[in-house]
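What follows is one structure encoded as structure tokens, with my remarks underneath.
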Amino acid sequence: MIADPRIAVTGIGVVSPIGIGVREFYDALMRGACAIKQLPALTNEGFVNTAAARVDFACAGMTSKAVAMAVVAAREALAELVTGACAGA
């Protein structure tokens, strides 16, 4: 067992409502994109504020959507680390 395990990933991975991947996210930011909209499903849940931004993301084979998004972002960050250049901006 390693006495002092350390991990340092020096890449970027993005999964967001306005873009999945650094390039898509960056381009959306530069266009001034906004993913916030009214989500009627939140009203049904009893929330007062129904404005939100949703990440449209398929998570086939993963245990949860959150895990799937984390895996995608981590893979992108590792790929950037290997190539030595930002895949996006």
Side-chain angles (χ1 to χ4, degrees):
M1 182 147 112
I2 299 172
D4 188 16
R6 296 180 185 190
I7 297 174
V9 177
T10 59
I12 299 171
V14 178
V15 178
S16 82
I18 62 169
I20 297 173
V22 174
R23 168 56 69 191
E24 188 178 330
F25 177 73
Y26 177 81
D27 290 345
L29 280 178
M30 293 299 101
R31 288 191 317 271
C34 179
I36 298 171
K37 58 185 174 186
Q38 295 297 320
L39 298 178
L42 294 178
T43 303
N44 298 337
E45 297 293 323
F47 291 97
V48 175
N49 185 356
T50 60
R54 173 176 289 177
V55 177
D56 292 322
F57 187 80
C59 55
M62 294 288 181
T63 57
S64 73
K65 189 173 184 176
V67 169
M69 290 189 293
V71 167
V72 168
R75 284 182 180 162
E76 186 176 2
L78 289 172
E80 182 183 322
L81 173 67
V82 171
T83 62
C86 183

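It should be emphasised that the depicted structure is a prediction, and the values quoted were computed from it without experimental measurement.
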Subject >> Hydrophobic cluster of L39, others only, ordered by chain and residue number, side-chain cut-off 4.5 Å >> reply: L42, F47

Original post:
Can you list the other members of the hydrophobic cluster that holds V48, where links are side-chain heavy atoms under 4.5 angstrom apart?
Top reply: none

Subject >> Spatial distance of atom CG (N49) from atom CD (Q38) [nearest 0.5 Å] >> reply: 7.0 Å

**OP:** Say whether, by atom type as modelled, one donor and one acceptor occur between the side chain of E80 and the main chain of G13 under 3.5 angstrom.
**Re:** no

**OP:** Could you list all the salt bridge (charged side-chain N to carboxylate O under 4.0 Å, His left out) pairs where at least one residue sits in residues 25-41, not counting sequence neighbours?
**Re:** R23-D27

Original post:
Rounded to the nearest 0.5 Å, how far apart are OG of S16 and CE of M69?
Top reply: 10.0 Å

**OP:** Drop me the distance from Y26's OH to I12's CD1, to the nearest 0.5 angstrom.
**Re:** 11.5 Å

Subject >> With sequence neighbours excluded, residues passing side-chain contact (heavy atoms from CB on, under 4.5 Å) with A35 >> reply: P17, I18, A53

Subject >> Pairing residues for V72 by the side-chain contact (heavy atoms from CB on, under 4.5 Å) criterion, not counting sequence neighbours >> reply: V15, I20, F57

